Protein chains: 2
Amino acid sequence: MAVTMHDVAHRAGVSIKTVSNVVNQYPHVRPETRRRVEEAIAELGYRLNTTARNLRQGRTGMIGLALPELSLPYFAELADSVMRAAEARGVVVLIEQTGAQRDRELQALDSSHRRLTDGLLFSPLALEPEETERLEVDYPMVLLGERMFGPVDHVTMANVEAARAATLHLVERGCRRIATIGAHPGETMGSARLRFDGYRKALAEAGLPFDPDLVGDAGLWHRSTGAEAMTRLLDAGVELDGVFGMNDALALGALHVLHTRGVAVPHDVAVMGFDDVDDARYSEPLLSTIDPGREQIATTAVDLLLERIAGSQVPPRRVVADFEIVARESCLLGRTVH
Amino acid sequence: MAVTMHDVAHRAGVSIKTVSNVVNQYPHVRPETRRRVEEAIAELGYRLNTTARNLRQGRTGMIGLALPELSLPYFAELADSVMRAAEARGVVVLIEQTGAQRDRELQALDSSHRRLTDGLLFSPLALEPEETERLEVDYPMVLLGERMFGPVDHVTMANVEAARAATLHLVERGCRRIATIGAHPGETMGSARLRFDGYRKALAEAGLPFDPDLVGDAGLWHRSTGAEAMTRLLDAGVELDGVFGMNDALALGALHVLHTRGVAVPHDVAVMGFDDVDDARYSEPLLSTIDPGREQIATTAVDLLLERIAGSQVPPRRVVADFEIVARESCLLGRTVH
DNA sequence: CTGTTAGCGCCTTCAC
DNA sequence: GTGAAGGCGCTAACAG
């Protein structure tokens with residue numbers, strides 16, 4: 001069977017408690033004793049039994065991460081960041097996919113995984129704002145994303161501000177007819193609505209008129225839907241010199257179409273995305289975009305959750321991550337007609 | 001504190017063992033007793049403590065999945081399939097990223113996660129074939145991918161055969177000058193080499209000459225590198241009427257360039273990818289590709305691993321998944337000059 | 001600084 | 001068909 005602390009203690013000629021002290025970095029152990037124990041550990045190939053520790057301590061050392069889909073680049077990269085942040089703090093992440101389906105999101109709140117984790121990072125996409133009471137669960141939880149505002153900690157992007165900044169960035173580069181792609185008409189919250197609001201805000205501030213003809217709807221935020229929306233705009237003959245894609249996939253789809261149609265980017269049309277997904281570093285031309293602070297979101301969310309797990313009872317907090325404009329080729333300066 | 005079996009037993013007026021029997025679907029429980037226990041469970045909101053069960057049973061009910069990166073679409077979708085397969089079998093998946101770095105791959109073999117999992121599904125990308133002895137670990141493991149052939153169970157794609165089939169598919173559609181993109185010159189194993197071998201095999205069978213000018217190298221298998229390779233081929237003025245991308249990202253990058261250059265797909269050039277990634281369903285035109293049997297790979301790998309965990313001592317097995325040609329628009333028939 | 005004791009919540013063994 | 005006892009490997013509390 002597996003080597004236990006008992007075996008190590010026996011071998012090192014100490015008690016089991018001393019072994020525990022060494023393993024747990026308890027400071028008051030005589031160096032000589034510590035050495036003997038460490039030697040025994042090495043010789044026996046001992047490895048701590050996490051399950052036993054967890055049972056004893058009443059925690060599992062794991063946190064859950066429930067997200068729509070790993071195959072959506074933003075979430076894959078978010079998962080990456082969360083795992084890194086968690087690792088740095090000594091906890092392990094258990095990922096769960098909800099497929100952005102309402103019932104599976106509800107299920108995640110009550111799945112068997114909840115018995116295996118000390119808390120949950122929850123990124124819902126389908127739950128409705130009216131269902132916030134479902135978020136009143138009896139375990140620590142931190143919400144990610146824009147979707148809900150229940151009585152729990154919440155880490156979110158500066159959607160409005162960042163979209164505004166992206167649009168203004170295009171204005172500063174000389175754009176006067178700026179289209180946006182990815183709108184969800186009728187939506188009252190959620191990223192599409194918030195980013196659209198930021199876009200309009202920027203136009204207003206810049207003294208540019210809002211033109212509904214410059215708005216490209218796109219339900220799913222994929223390359224293909226971005227390409228379709230861009231195609232519709234071009235086919236409609238709308239005059240434009242800038243495009244703000246509400247995420248990078250949409251913007252990349254738009255870039256693709258512009259290329260195909262012989263529209264020079266950034267010379268004729270400048271393009272901004274949103275998310276700073278890995279792909280944006282590999283496009284032609286390189287896509288300018290918004291870094292929404294994914295790292296910060298991940299580390300903050302993990303920290304808030306760990307505080308709750310540690311027993312913090314402060315009122316629900318709301319953290320908005322810092323964003324940054326990532327200026328690349330697709331909206332280089334110097335494109336303006338002087 | 002949490003509700004325990006003891007509480008339930010007390011409430012139902014039975015012993016703790018009876019509760020355990022009910023919870024574990026033990027058949028010989030009087031219906032009346034079962035009902036009483038189930039009632040008590042519901043009333044108290046009892047949930048089994050998995051940690052305690054795991055400690056007692058000496059297993060964790062979790063399996064590890066170590067893969068290069070979730071942000072690579074193929075692996076994100078593989079993770080998805082593995083999680084589904086595992087769920088159906090009542091086990092939970094713990095994902096770990098290695099970044100395709102040799103040291104982190106080695107680390108994964110010995111990380112703290114190993115104490116939390118009953119076994120490991122390991123998909124290395126950087127380890128060298130000479131290092132197969134590192135795979136002789138003291139826990140159940142199943143290898144995924146082409147990279148290594150150590151003394152462990154291995155589930156792999158039919159790389160050579162599928163690449164051959166993809167290339168022949170282009171031949172059947174009338175292609176005579178078929179380029180391939182994604183080659184890794186000098187590689188002796190790994191997907192790039194195997195798929196290249198399949199490509200050459202198909203050419204030979206079809207009686208077509210192999211022309212080194214039709215081979216586009218690409219170290220990383222991204223859209224951008226695919227686009228670059230395609231650009232180099234076109235710029236070199238090589239005559240071609242078909243392209244086999246060694247994965248979908250490469251093929252999608254090539255599609256993009258062909259579009260930009262005004263080359264009609266599939267009319268002038270037919271294109272095949274490999275992997276059947278989600279994106280292939282959203283491109284313009286839709287990308288024909290190879291479904292390498294990801295679902296089958298996932299379910300088989302999970303099954304093999306669970307057999308090992310259950311104690312199976314049979315010699316290492318090697319399973320090659322079935323593949324399928326997914327014919328979409330990018331290589332439609334009727335493009336041939338008759 | 002180190003040893004002893006007593007469980008964490010569950011399942012297995014063996015009675016009854 | 002059900003109950004009682006013991007222990008999985010570890011750590012918290014308290015001695016010494």
Side-chain angles (χ1 to χ4, degrees), chain A residues 1-41 44-62 90 112 114-118 309-311, chain B residues 1-41 44-62 90 112 114-118 139 309-310:
Chain A
M1 277 314 291
V3 183
T4 75
M5 271 193 180
H6 188 264
D7 303 331
V8 176
H10 184 78
R11 171 107 185 187
V14 298
S15 90
I16 203 174
K17 168 64 176 156
T18 305
V19 179
S20 175
N21 283 342
V22 171
V23 168
N24 292 290
Q25 328 263 32
Y26 182 68
H28 307 297
V29 178
R30 228 191 311 148
E32 161 61 11
T33 315
R34 178 183 301 280
R35 200 191 49 66
R36 276 225 313 285
V37 171
E38 278 167 350
E39 223 168 83
I41 287 177
L44 268 50
Y46 168 76
R47 307 279 251 96
L48 176 72
N49 182 326
T50 325
T51 308
R53 164 189 279 182
N54 290 341
L55 175 60
R56 182 62 245 239
Q57 299 192 331
R59 335 176 279 88
T60 68
M62 291 196 279
S112 66
R114 296 292 73 73
R115 287 299 314 210
L116 282 167
T117 54
D118 299 329
I309 291 171
Chain B
M1 276 314 290
V3 183
T4 74
M5 270 193 181
H6 188 264
D7 303 328
V8 176
H10 183 77
R11 170 108 185 185
V14 297
S15 89
I16 204 174
K17 166 64 176 157
T18 306
V19 179
S20 174
N21 283 343
V22 171
V23 168
N24 292 290
Q25 328 264 30
Y26 182 68
H28 307 298
V29 178
R30 229 187 314 144
E32 160 62 12
T33 314
R34 177 184 303 279
R35 199 191 49 67
R36 277 225 313 285
V37 171
E38 278 166 351
E39 224 169 82
I41 288 178
L44 269 50
Y46 167 77
R47 308 275 253 100
L48 178 74
N49 182 325
T50 326
T51 308
R53 164 187 277 181
N54 290 342
L55 174 59
R56 184 61 243 241
Q57 299 192 333
R59 334 176 281 87
T60 69
M62 290 196 279
S112 66
R114 296 292 72 72
R115 287 299 316 209
L116 282 167
T117 54
D118 299 328
Y139 50 80
I309 290 171

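Values in this document were obtained by computation on a predicted structure and should not be read as measured data. Both backbone and side-chain heavy atoms feed into the values below; hydrogens, waters and symmetry mates do not. All chains are named by letter (A, B, ...) in the order of the sequence lines, taking the proteins before the strands, and each is independently numbered beginning at 1.
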Checklist entry - To the nearest angstrom, how far is A/M5 atom CE from C/dG3 atom P? => result 14 Å
Next on the checklist: Does anything in residues 7-23 of chain A come within less than 4.0 Å of DNA chain D? Heavy atoms only, and list the residues if so.
Outcome noted: A/K17, A/S20
Item to check | Distance, rounded to the nearest Å, where B/R115 contributes CZ and D/dC8 contributes C1' | outcome: 12 Å
Checklist entry - A/R115 side chain to B/R47 main-chain N or O, any donor-acceptor pair under 3.5 Å? => result yes
Next on the checklist: Can you see if the side chain of B/N54 gets near the phosphate of C/dC10 - specifically, an N or O under 4.0 Å from OP1 or OP2?
Outcome noted: no
Checklist entry - Starting at the 5' end of DNA chain D, which residue's closest nucleotide do you reach first, B/R56 or B/V29? => result B/V29
Checklist entry - Under 4.0 Å: is that the gap between some side-chain N or O of A/R53 and OP1 or OP2 of D/dT11? => result yes
Checklist entry - Are B/R36 and B/E39 ion-paired here, with the side-chain N under 4.0 Å from a carboxylate O? => result no
Next on the checklist: Under 4.0 Å, heavy atoms only, any strand: does A/T33 hit a base, just the sugar-phosphate, or nothing?
Outcome noted: sugar-phosphate
Checklist entry - Taking atom C1' of C/dG9 as reference, at what distance in whole Å does atom CG of A/N49 sit? => result 14 Å
Item to check | Euclidean distance, atom CG of residue B/D118 to atom P of D/dC8 [Å, nearest integer] | outcome: 19 Å
Item to check | Phosphate contact (D/dA12 OP1 or OP2) by A/Q57 side-chain N/O below 4.0 Å | outcome: yes
Checklist entry - Does B/L48 offer a backbone N or O that forms a donor-acceptor pair with the side chain of B/R53 under 3.5 Å? => result no
Checklist entry - B/H6 vs B/H10 aromatic rings, parallel, tilted or perpendicular, using cut-offs 30° and 60°? => result parallel
Checklist entry - Would you say C/dT2 has OP1 or OP2 under 4.0 Å from some side-chain N or O of A/R30? => result yes
Checklist entry - Atom NE2 of B/H6 to atom C1' of C/dC11: distance rounded to whole Å? => result 15 Å
Item to check | Spacing of A/L55 atom CG relative to D/dT11 atom P, expressed in whole Å | outcome: 11 Å
Item to check | Distance test, side-chain N/O of A/Y26 to OP1/OP2 of D/dA12, below 4.0 Å | outcome: no
Checklist entry - How long is the line joining CZ of B/R47 and P of C/dC8, in whole Å? => result 21 Å
Checklist entry - Does any N or O in the side chain of A/T51 come within less than 3.5 Å of the main-chain N or O of B/L55, such that one atom is a donor and the other an acceptor? => result no
Item to check | B/V29, B/I16, B/V37, B/V14 screened by side-chain contact (heavy atoms from CB on, under 4.5 Å) with B/N21, the one that passes | outcome: B/V29
Checklist entry - Charged N to carboxylate O under 4.0 angstrom, B/E38 versus B/R35? => result no
